[in-house]
Amino acid sequence: MSETFVAEHALEYPGGYTRSVGPVIGRFLTGLRDGRIEGVRARDGRVIVPPTEYDPVTSDEIGGDDGDWVDVGPAGRVVTWSWVANPRVGKHPLDRPFAFALIRLDGADTALLHAVDCGSPDGIVTGARVAPRWRAERVGKITDIECFTVLADGEQPVAATPRHVAADGAGDADGTDEGAVTSMNSAFRLEYRIPAGAATRRYLNGLAEGRIVGGRAPSSTEVYAASRGTDPKTGEPTSIEVEISDAGCVTTYCVVNIPGLSELAPEIPYVSAQILLDGADNMMFGLIRGCPVEDVHMGMRVKAKWADELKPDHRSILHWEPTGEPDAPYEHYKDNL
Amino acid sequence: MGGQLAAVVGVGQTKHRSSRKDVSMAGLVREAAQEALADAGMTWSDIDAVVIGKAPDMFEGIAMPELYLADALGAVGKPMMRVHTAGSVGGSTAIVATKLVTSGVHRRVLTVSYEKQSESNATWGLSVPMPFQAPLVAGAGGFFAPLIRAYMHRSGAPRHIGHLVAVKDRRAALRNPKAHLHIPDIDLKMVEESFMLWDPIRYLDTCPSSDGAMALVIGNEEVADASEGPVAWVHGMAMRSEPTMFAKRDQVNPLAGRACAKDLYTQAGVTNPREDFDCAEVYVPFSWFEPMWLENLGFCAEGDGWKLTEAGATAPDGDIPWNPSGGVLSSNPIGASGMVRFGEVAQQVRHRAGDYQVEMKTGRALGHAYGGGSQFFSMWVVGSDKPTS
Amino acid sequence: MRDVGVISFAASGVDRDADHNEVEIIVPVIRQAMADSGLTKPEIGFVCSGSLDYLFGGPFAFVAGVDAVGAVPPIRESHVEMDAAWALYEAWTYIQTGEIDTALIYGFSKGSIGDVHEILTMQTDPYNVLPLWPSATDMAALQARAYLEASGRTERDLAEVAARSQVNAKATPYATRSGDATVDAVLAQPKVADPLRAADVFAGSDGAAVIIIAADDVARRVCKRPAWIRGIEHRIEAHSLGVRDLTRSESTALAGAAAGVADGKVDIAELHAQFSHEELILAEALGLDAAATSINPSGGALAGNCLMAAGLQRFGEAAQRIWSGDADRAVVHATSGPCLQHNLVAVLEGE
């Protein structure tokens with residue numbers, strides 16, 4: 001089938017999430033920013049790295065105000081590893097093939113996940129000694145360690161260089177230069193390719209022809225405009241195509257005074273309405289234009305304003321305009337409020 | 001209500017704020033959970049199972065957070081679940097947790113719901129534009145404001161009724177130290193002069209966006225009987241769902257809400273909610289939903305809800321106080337808001353509501369939550385005394 | 001506890017369904033399960049679903065499901081943002097209260113619309129793991145190596161699991177990867193995440209699964225030989241991979257012991273192993289003996305892992321073999337989270 005009905009889609013919160021990190025993760029991240037790795041001791045003596053506010057088995061509070069913090073590493077041993085032959089650029093820590101490893105840092109009782117830059121799977125074994133390669137520009141994030149590298153026999157880890165703050169101040173996780181790290185930014189994008197589905201495709205194809213196509217289930221007389229594929233009352237497929245008028249009445253509405261709710265929203269104020277089309281049994285949502293907002297009222301007859309160029313797209317109906325016909329009587333639409 | 005008896009034996013709640021910058025997600029949920037455990041006189045190891053609930057994962061940008069939160073909430077080596085039923089989720093999470101007890105499967109269950117809305121933006125999280133779906137151009141209020149207009153038309157309610165609720169609930173919140181909004185000089189004039197967002201909804205008719213968490217410990221009869229402090233016995237629980245849109249759907253007074261209340265009242269032996277309850281905590285995210293839900297929940301005849309509000313019946317000193325905690329209009333961590341309602345009525349029947357304690361006569365109260373396009377409902381009745389039937 | 005049995009099952013799965021939205025995917029599967037059940041819609045006491053918004057690409061995936069069920073008059077309904085095996089668990093507890101006798105459970109997803117391995121990364125610790133973006137397969141491979149090195153098993157043992165899955169899946173209509181695979185052919189594949197090869201990693205699937213369960217006499221009335229749920233338990237572990245012993249699945253062992261796996265001979269086991277080594281780890285945790293127990297006769301999740309439905313499918317696959325009399329006692333397993341963090345185990349028996 002045509003790929004016209006498969007759309008690119010992304011989940012990406014503009015600017016990224018702001019994650020407040022709390023005192024324990026905050027101290028760990030502050031340490032990373034300073035080029036140190038700190039763990040926290042649980043009540044049974046285990047040193048947890050990366051530290052959490054709670055013992056990962058008993059959930060008891062650890063690392064609080066009187067927490068027992070311990071410098072660990074920076075070197076450690078690989079507990080297990082896997083090979084990433086095709087790094088995800090922009091997400092994975094390295095853009096060349098690398099290993100993910102669980103690393104038990106010297107002095108720690110748990111293992112930390114990180115990347116190991118070792119060229120090929122032959123460059124790493126379980127038990128290998130590894131040490132962090134620090135970034136010069138550190139912001140208080142796990143990625144302040146660019147990756148770990150394998151140490152040769154007797155080789156010592158390289159200490160972090162003094163922290164370098166970028167000239168524009170970017171690079172500082174919380175916007176303050178020296179204070180403890182209290183939050184981190186988490187920006188990411190997940191991409192999708194989403195198909196329209198059969199019922200929506202029928203509806204959109206109708207729009208491209210200037211028609212509003214609805215659907216009805218064989219067992220029912222009720223017609224659904226812009227059906228998702230079923231009669232929602234019964235779950236029965238709306239397998240029978242029914243053409244619906246492009247005129248109907250406003251059943252209820254609101255006047256929107258908030259700018260910028262959508263790229264498609266017109267200048268404020270505007271009217272967003274529920275519309276009962278002639279021949280349909282469910283409500284459509286639409287914008288009412290072509291008259292002053294204060295003239296819009298319940299029962300007002302409206303008609304679709306079609307775009308000059310019709311496409312299989314919801315935006316082929318630009319908005320709805322008054323027809324000037326007498327109002328629909330309340331009786332006509334009161335059961336659909 | 002079927003199955004074994006169950007009661008709320010511990011309640012914990014965070015301070016709600018627009019941004020809890022001082023805690024991680026784990027820190028937020030632990031604050032509520034630890035308070036509930038302390039209230040119940042329990043520790044993590046006393047708990048048999050953990051049930052969490054929250055609204056869409058996109059709010060915080062983490063999928064299936066029960067996985068990351070398992071060890072934060074004492075669940076290691078135990079069963080853990082995550083409920084998501086849109087805005088009703090706080091209520092339905094409490095119900096799922098309680099059924100783990102009424103079923104006889106567990107004796108003590110910890111349930112926690114939360115939202116950390118400041119990590120992103122609720123308007124974005126609720127309205128991510130999806131390909132091939134009709135574009136949304138009016139926001140959440142743009143969905144509900146037309147229903148309010150339809151209610152006003154149907155009932156003949158005057159325009160100031162919503163504002164009365166907005167004032168009443170914010171005044172009530174002044175007595176609740178954990179409420180998000182504290183507006184000391186709130187009055188009708190301030191609401192009437194607040195910005196008209198989605199006519200007929202003004203700014204102060206709407207709920208805030210909050211970070212917060214709520215936790216309950218549910219115990220079986222034996223645990224509740226042994227509890228040192230007062231408990232809130234569960235007298236009934238119900239959930240109902242209906243589609244967002246269908247032919248001849250009553251959107252103002254949804255069938256699912258009426259069916260849910262009917263089921264609930266049958267379980268609890270409630271025949272006249274206005275008399276049989278001492279108070280109710282009801283999900284009112286826009287002020288006008290108080291009169292609408294008064295009718296939907298059978299506190300009065302259809303068309304009369306606004307008259308109860310106008311007469312002050314739902315005020316803290318009225319005959320049937322609604323939202324004496326300040327309600328959703330004063331604190332709205334979306335995923336937790338339903339459980340806050342359920343927990344606040346538990347505190348009332350336990351006489352633990354502090355400065356906003358209402359007078360207890362029947363010793364019973366209603367907790368309510370709803371979500372989606374007024375289509376998902378969860379409700380419970382709690383009481384000071386053990387249910388007799 | 002009331003006797004509750006699996007009485008109906010339907011599932012769908014293709015590697016990419018570019019033609020249908022979620023509602024359209026769920027509807028035929030629900031209708032098939034209902035038709036096969038002998039029950040009418042008003043007889044269904046509760047509906048519970050499992051889905052994941054991050055697989056859907058936006059909030060409220062489950063709302064679409066309500067349109068697929070048909071919910072007028074309004075229904076008792078709930079949803080877990082988990083594999084629908086946990087929705088079945090919720091429904092089972094509800095039936096135990098005595099308030100209802102039947103429940104319809106469904107799970108669905110369209111893995112093809114996004115990158116499921118990356119979407120599953122969204123489950124990880126958002127502070128110190130998510131920024132590194134280990135994919136589900138990257139993490140699984142860490143466990144695979146830890147297990148192989150600790151157990152003395154080899155990549156050939158993994159290939160044996162992978163090849164058997166594909167052969168078994170030839171009889172499973174909704175499997176998305178099946179055929180006459182051999183161990184040597186699998187071993188000849190390049191590694192996608194050393195030590196794992198493509199055949200060791202689950203095949204994606206777009207589809208849905210539906211199960212109907214019923215209690216006592218209702219089950220007996222509509223089903224000749226219900227697959228009775230004799231035990232159902234789940235347990236979760238700590239989240240961080242670095243605090244867990246990845247060479248074993250302690251939570252599976254706990255859940256299996258509580259569910260009574262060891263109380264009798266196990267004819268078949270349907271294990272939600274998404275990677276070859278997981279099947280070996282799970283079988284050990286459950287004390288299953290490959291000589292006595294047919295493991296994943298359907299091909300399992302390696303042959304088609306419809307996320308949020310695949311755990312529930314295991315109940316259906318096991319139940320079908322009990323209905324037919326091919327098995328008398330079956331173990332069912334569902335998993336959630338990175339490297340088998342959360343595991344559900346059930347024991348099903350014929351009369």
Side-chain angles (χ1 to χ4, degrees), chain A residues 5 7-9 11 13-14 17-25 52-61 182-183 186 188 194 196-197 200 204 222 224 226 231-233 251-258 261-262 264-265 269 272-274 281-285 287 298 314-315 334-337, chain B residues 19-27 30 34 44-45 58 60-61 71-76 116 118-121 123-125 127-139 141-142 145-150 153-154 195-201 243-252:
Chain A
F5 291 101
E8 306 285 337
H9 172 64
L11 276 178
Y13 178 59
Y17 289 86
T18 305
R19 303 198 191 281
S20 57
V21 294
V24 172
I25 299 167
T52 47
E53 292 139 87
Y54 39 88
D55 183 301
V57 176
T58 66
S59 300
D60 290 334
E61 193 125 5
T182 58
S183 75
S186 182
F188 56 85
I194 296 187
T200 302
L204 295 175
E222 289 167 341
Y224 286 90
D231 181 330
K233 284 182 166 179
T251 59
T252 184
Y253 66 96
C254 69
V255 181
V256 184
N257 291 301
I258 309 168
L261 283 173
S262 152
L264 302 174
S272 174
Q274 291 195 12
D281 291 282
N282 67 326
M283 312 304 301
M284 301 274 285
F285 293 89
L287 300 173
M298 292 167 71
H314 290 280
R315 281 166 282 192
K334 72 175 175 52
D335 290 338
N336 279 292
L337 289 173
Chain B
S19 177
R20 284 294 309 268
K21 289 193 172 101
D22 55 322
V23 289
S24 65
M25 270 177 267
R30 281 170 64 82
Q34 285 169 312
W44 298 112
S45 58
M58 276 118 222
E60 290 88 359
D71 26 334
L73 288 172
V76 171
K116 203 159 181 320
S118 68
E119 309 257 314
S120 69
N121 170 300
T123 301
W124 176 82
S127 55
V128 174
M130 297 294 289
F132 306 114
Q133 295 187 12
L136 301 167
V137 291
L147 306 188
I148 290 167
R149 181 179 306 276
H153 183 87
R154 247 195 222 183
F195 190 71
M196 183 65 90
L197 300 173
W198 296 276
D199 192 338
I201 299 177
T244 317
M245 198 56 87
F246 57 87
K248 301 209 168 26
R249 177 174 184 230
D250 190 333
Q251 303 176 70
V252 172

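We name chains A, B, ... by the order of the sequence lines, and we start the count at 1 in each one.
Interface summary for chain A: among B/Ala72, B/Pro135, B/Ala75, B/Pro129, the most heavy-atom pairs under 4.5 angstrom belong to B/Ala72. Taking B/Gly139, B/Gly27, B/Gly61 one by one and counting their heavy-atom pairs under 4.5 Å with chain A, the maximum is reached by B/Gly61. Put simply, of A/Met284, A/Lys334, A/Glu61, the one with the most heavy-atom pairs under 4.5 Å next to chain B is A/Glu61. Interface summary for chain B: among A/Arg315, A/Lys233, A/Glu222, the most heavy-atom pairs under 4.5 angstrom belong to A/Lys233. Counting heavy-atom pairs closer than 4.5 Å to chain A, the top residue among B/Pro243, B/Ala134, B/Gly74 is B/Ala134. Counting heavy-atom pairs under 4.5 Å between each of A/Ala265, A/Pro14, A/Ser272, A/Ala196 and chain B puts A/Ala196 at the top.
Formation of a donor-acceptor pair under 3.5 Å by the A/Ser262 side chain with backbone atoms of B/Val137 is not found in this model. In terms of modelled atom types and a separation under 3.5 Å, the side chain of A/Asn282 and the main chain of B/Ala247 share no donor-acceptor contact.
Using a 30° and 60° split on the angle between ring planes, B/Phe132 and A/Phe5 fall in the tilted class, from 30° to 60°.
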Do A/Asp60 and B/Trp44 pass the side chain to side chain contact (heavy atoms under 4.5 Å, CB included) test, and can you show the C-alpha distance, the side-chain angles, and the key distance before you say yes or no?
-> CA-CA 8 Å; A/Asp60 290 334; B/Trp44 298 112; 4.1 Å; yes
Yes or no on side chain to side chain contact (heavy atoms under 4.5 Å, CB included) for A/Leu337 and B/Arg154, after CA distance, side-chain angles and deciding distance?
-> CA-CA 9 Å; A/Leu337 289 173; B/Arg154 247 195 222 183; 3.9 Å; yes
Side chain to side chain contact (heavy atoms under 4.5 Å, CB included) evaluation trace for A/Tyr54 with B/Leu73 = CA-CA 9 Å; A/Tyr54 39 88; B/Leu73 288 172; over 6 Å; no
Show the numbers, then the answer: is there a side chain to side chain contact (heavy atoms under 4.5 Å, CB included) between A/Thr200 and B/Gln133?
-> CA-CA 8 Å; A/Thr200 302; B/Gln133 295 187 12; over 6 Å; no
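Heavy atoms of B/Asp250 lying under 4.5 Å from chain A belong to its backbone as well as its side chain. Of the two parts of B/Trp198, the backbone and the side chain both hold a non-hydrogen atom closer than 4.5 Å to a non-hydrogen atom of chain A. When heavy atoms are compared at a cutoff of 4.5 Å, B/Arg149 approaches chain A by way of both its backbone and its side chain. Proximity to chain B (any heavy atom under 4.5 Å) is restricted, for A/Leu204, to the side chain, taken from C-beta onward. Contact of A/Ile25 with chain B is made through the side chain alone, with heavy-atom distances under 4.5 Å. If you measure heavy-atom distances from A/Tyr224 to chain B, the contacts under 4.5 Å come from the side chain alone. Interface residue B/Val128: only side-chain heavy atoms are found under 4.5 Å from chain A. Within the 4.5 angstrom heavy-atom criterion, only side-chain atoms of A/Phe285, from C-beta onward, approach chain B. Heavy-atom distances place both the backbone and the side chain of A/Val256 under 4.5 Å from chain B. For chain A, the nearby part of B/Gln34 is the side chain; its heavy atoms alone come within less than 4.5 Å.
The CG atom of B/Asn121 lies 10.5 Å from the OG1 atom of A/Thr18; values are rounded to the nearest 0.5 Å. Going from atom CZ of B/Phe246 over to atom CG of A/Asp281 covers 12.0 Å, rounded to the nearest 0.5 Å. The structure places SG of A/Cys254 at 8.0 Å from CG of B/Asp199, a figure rounded to the nearest 0.5 Å. The CE atom of A/Met283 lies 11.5 Å from the CZ atom of B/Arg249; values are rounded to the nearest 0.5 Å. Remark: B/Gln251 CD to A/Thr251 OG1 distance equals 7.0 Å, nearest 0.5 Å. One finds the CE atom of A/Met298 at 4.5 Å from the NE2 atom of B/His153 (value rounded to the nearest 0.5 Å).
Applying side chain to side chain contact (heavy atoms under 4.5 Å, CB included) to A/Ser20 and the options B/Glu119, B/Met25, B/Arg20 leaves one that passes, B/Glu119.
Looking at every heavy atom in both residues, A/Glu53 comes nearest to B/Ser24 through OE2-OG, 2.8 Å.
Scanning for side chain to side chain contact (heavy atoms under 4.5 Å, CB included) contacts around B/Ser127 gives B/Thr123, B/Leu136, with sequence neighbours left out.
Inter-residue side-chain proximity for B/Met130 and A/Ile194 is flagged as met; some heavy-atom pair is nearer than 4.5 Å.
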